[in-house]
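Read the structure below first, then the notes.
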Protein chains: 2
Amino acid sequence: MQDIADEAGINKALLHYYFRSKEKLFELIFFEVFDVVIPQLKATVSTDQLVAEKIKAFVSTYIDVIQANPHVPIFILHELSQGADRFVEKLKQRQVLPEMAQFMLQLMSEMEAGKVKSFQPLHLFMNIISMCAFPFVAKPLLQAVSGLSEEDWTVLMDERKEEVTRFILSAIKK
Amino acid sequence: MQDIADEAGINKALLHYYFRSKEKLFELIFFEVFDVVIPQLKATVSTDQLVAEKIKAFVSTYIDVIQANPHVPIFILHELSQGADRFVEKLKQRQVLPEMAQFMLQLMSEMEAGKVKSFQPLHLFMNIISMCAFPFVAKPLLQAVSGLSEEDWTVLMDERKEEVTRFILSAIKK
DNA sequence: GTCTATAGCTGGATAGAC
DNA sequence: GTCTATCCAGCTATAGAC
C-alpha cells in the first residue's frame, strides 16, 4: 500500500479513503485486467474453425495478453495460494467453463474423425496452457540462467508464439 | 513460524533457538529437498543415449520427484519472486548449468543430423519444463475446474508422465 | 479531499527465569 | 533445552485537524 501510495504521489490514508481496504483495491485492479483478458481468449475458441486454427489463435493471443500484462500470472498464483474457490467462482461468472468444455468436445470429435492424432484432451489442454504461461512465471530464473536482456526476452516471447504453435501442431498432426 | 512451532508442538522461541532465524530454517529445508531432486534429474541427461530417450527419462523423473514433493514448485516460485540471483547461485554450485548446456548441444547436433525435427533448443527446453512443472503450480485451479479428487489427481499425474513424453516425441519426430 | 498522528494487530527475534 | 514475557518493526486501518 505504501509503494502504491508513493507511486500515486499520495499517502496511505488517502489510498484507504478511496478504496476502503487493501482487499477491495486488489479485487478492483485484478478483475479490471481479468475482464480485458478473458473475452480476448474466449474469442479465439468461439469460432467455427478447426482446432488447429483455434490453437494457433489461442496461443498467439494468450502470449500477447500476458506480455501486455506480465504481472498477471503471478497475481493469479497469489490468488490460488489463498484458495482457488474465489477465483473459480469468477471464472464461472464469466462463462469460460462452458467454452472450455465445448472446445474439448470439438477436440475429441476431430480425434475421433482422424483429423488429428489422439491425445487425452485434458492433458493436451494442460500442455497448451503450460507452454504459454509457465515461461512468464519462471521468467526471472530463465533470464538469469540464459543471460537474456529485457529486449532479448521480448524477442524470445515473440518468437515463442510461432514456435509453440508449430510444436503443438507438429505433435497432433497425423 | 507460529504454524511450524504449533505443528512441532513447541513454541516460537524454541524454534528460533534451534534455527537462529526464519531465513536459516527456510534455506535448510529448501536445499535438503533440492539436493535430493537435482542429482536425480542430472542422472537422466548424463547418459550416452539419444535425446528422445533422455527426454523420456527426464519427464518421468521430473514428474515423479514433484509428486513426491508437491510443495517444491511453489517454494521455488516464492524464492524467485524475491530475486532469482540466490537461486541461480545454488544452481551454479550444483553444476547443473553445464549439464543443461551439454544437453542443448546434443539436441542441436541431432537436429543437424536430421534425427529429430528442428526446433529452437531454448523453446523446446522451456516446453519440456513447462509441461512437467506448471500443472503442479496450477493444481488448485485445475482441480477446482475439473472437479478431480485427490486420488483422481494422482492418477492423472501418473498418466501424464507417458502422455507428455508421447506428445513431445510426436512433435519432434521426423 | 488531503494530510498527520496514531491505534491495533501480527510476526520475527531476544531476554531471562527455570 | 524449554518456557513466558517482551521488544521491535511493519502493515492495515481509522481519527481528527485543516
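Any value given below was found using the heavy atoms of this structure, including those in side chains, with hydrogens, waters and symmetry copies removed.
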### Message
Output one letter per nucleotide in nucleotides 2-17 of chain D: B when a protein non-hydrogen atom lies under 4.0 Å from the base, S when only the sugar-phosphate is that close, - when neither is.
### Response
BBB-------BBB---

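Counting only N and O atoms by type, the side chains of B:Q106 and B:E110 include a donor and acceptor under 3.5 Å apart. No side-chain donor from either of B:Q95 and B:K42 sits under 3.5 Å from a side-chain acceptor of the other. In this structure, a donor-acceptor pair under 3.5 Å is absent between the side chains of B:Q67 and B:T154.
Taking each heavy atom of A:M131 and A:R160 in turn, the nearest pair found is O-NH2, 3.0 Å.
Atom CG of B:D3 is separated from atom P of C:dT10 by 13 Å (rounded to the nearest Å).
In terms of the ring pair (Phe, Tyr, Trp, His ring centres under 6.0 Å) criterion, residue partners of B:F26 (sequence neighbours excluded) are, by chain and number, B:F30, B:F75.
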